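Quick notes on the structure that follows.
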Amino acid sequence: MDLGETILDHYNQFLGDYIGTDVYTNGDYEIQILGFPNAIKDCLVLTSFGLSNHASQGDCCEVILPVDDLYDESAEIFANSLFYALSNNMNIGRGLLIEGANSIIEGFPEKCGKTALYFTDVYVLPEEFAFVDTCHIYMGFFVSKEESEYIKRYGSEQFEDLLEEKDVDVIEIKRKSIL
């Protein structure tokens, strides 16, 4: 079994069956975004599939983005954020912040108050979900402009401590900013 099949089996084992897949390309890269509706209550878990094909040696990863609303817009921002990271040789993983959601989907911040995607370790699923074969699976969630500024100023560790302290449900896309 190749790595792609292994990752898809891993997704199916932890997330159930996916309801659809959309192929995204930016000319240099192609990835798929799969949607899993039954993994987390009242949520659609979007997953990258094929991101690992573009990884440099030792940087194999895929990413999930659990959202409770604005699914199509979220998928578009998710795919384009991953393309941005790939095109700029950014390490996708804990602490990565990709701003500019409004430049991808105009009016997105007005709909939900979020302007950026933040990436971290998966903590909304069992611990063993985070690794499959040689790949690390990360999680993304949307953050507000104020939260983005906080991350840039104080770092991901303090930001995540604050989320935990305030018991924030990061899946709730229209949640109020913690700042």
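In this text, all values refer to a predicted model and were calculated from it rather than measured experimentally. One is the number of the first residue; the rest follow in order along the sequence.
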- Query: Between Asp69 and Lys174, does a salt bridge (Lys or Arg N to Asp or Glu O under 4.0 Å) hold up when you go through it step by step?
  - Reply: CA-CA 8 Å; Asp69 199 1; Lys174 293 180 180 175; 2.9 Å; yes
Same hydrophobic cluster for [X] and [Y], using side-chain heavy-atom links shorter than 4.5 Å among ILVMFWY?
X: Val143; Y: Phe119; answer: no
X: Tyr84; Y: Val23; answer: no
X: Leu97; Y: Val122; answer: yes
X: Phe131; Y: Tyr11; answer: no

Original post:
Would a line drawn from the ring center of His10 to the ring center of Phe129 be shorter than 6.0 Å?
Top reply: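 Yes, the ring of His10 comes within the 6.0 Å limit of the ring of Phe129, centre to centre.
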(Q) Are Phe108 and Phe142, when compared by the centres of their aromatic rings, separated by less than 6.0 Å? (A)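 Phe108 vs Phe142: aromatic centres under 6.0 Å.
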Checklist entry - Taking all non-hydrogen atoms of both residues, which atom of Ser177 and which atom of Ser144 are closest, and how far apart? => result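 Looking at all heavy atoms of both residues, the shortest contact is OG-OG, 2.9 Å.
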Check your understanding: Of all heavy-atom pairs between Ala101 and Ala116, which one has the smallest distance, and what is that distance?
Key ->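 For Ala101 versus Ala116, the nearest heavy atoms are CB-N, 4.3 Å.
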For the residue pair Tyr138 and His136, categorise the inter-ring angle as parallel (less than 30°), tilted (30 to 60°) or perpendicular (more than 60°).
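Ring orientation, 0 to 90° scale: parallel.
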> Under 30°, 30 to 60°, or over 60°: which ring-plane class applies to Phe141 and Phe159, parallel, tilted or perpendicular?
Replying inline: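 Ring orientation of Phe141 relative to Phe159: parallel.
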* **Passing option when Leu65 is tested against Ile171, Val45, Leu117, Leu82 for side-chain contact (heavy atoms from CB on, under 4.5 Å)** =>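 The single option meeting the side-chain contact (heavy atoms from CB on, under 4.5 Å) with Leu65 is Leu117.
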Pairing residues for Tyr118 by the side-chain hydrogen bond (donor to acceptor under 3.5 Å, both in side chains) criterion, not counting sequence neighbours: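 Per chain and number, Tyr118 pairs via side-chain hydrogen bond (donor to acceptor under 3.5 Å, both in side chains) with Glu160.
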**Prompt:** Can you list the residues that meet the side-chain hydrogen bond (donor to acceptor under 3.5 Å, both in side chains) rule with Glu149, with sequence neighbours excluded?
**Reply:**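 Testing Glu149 for side-chain hydrogen bond (donor to acceptor under 3.5 Å, both in side chains), a comparison that skips the adjacent residues, returns Lys152.
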Are the two sulfur (SG) atoms of Cys135 and Cys60 closer than 2.5 Å?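 Correct, these two cysteines form a disulfide.
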Notebook entry, point to check: Any side-chain donor paired with an acceptor under 3.5 Å for Asn80 and Glu76?
Noted result: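 Yes, Glu76 and Asn80 have a side-chain donor paired with an acceptor closer than 3.5 Å.
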Salt bridge check, Glu146 against Lys176: does any charged N sit closer than 4.0 Å to a carboxylate O?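 A salt bridge is absent here (no side-chain N lies under 4.0 Å from a carboxylate O).
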| message | Check this for me: does any side-chain nitrogen of one of Glu157 and Arg94 sit under 4.0 Å from a carboxylate oxygen of the other? | response |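 Here Glu157 pairs with Arg94 in a salt bridge, since their nearest N and O are under 4.0 Å apart.
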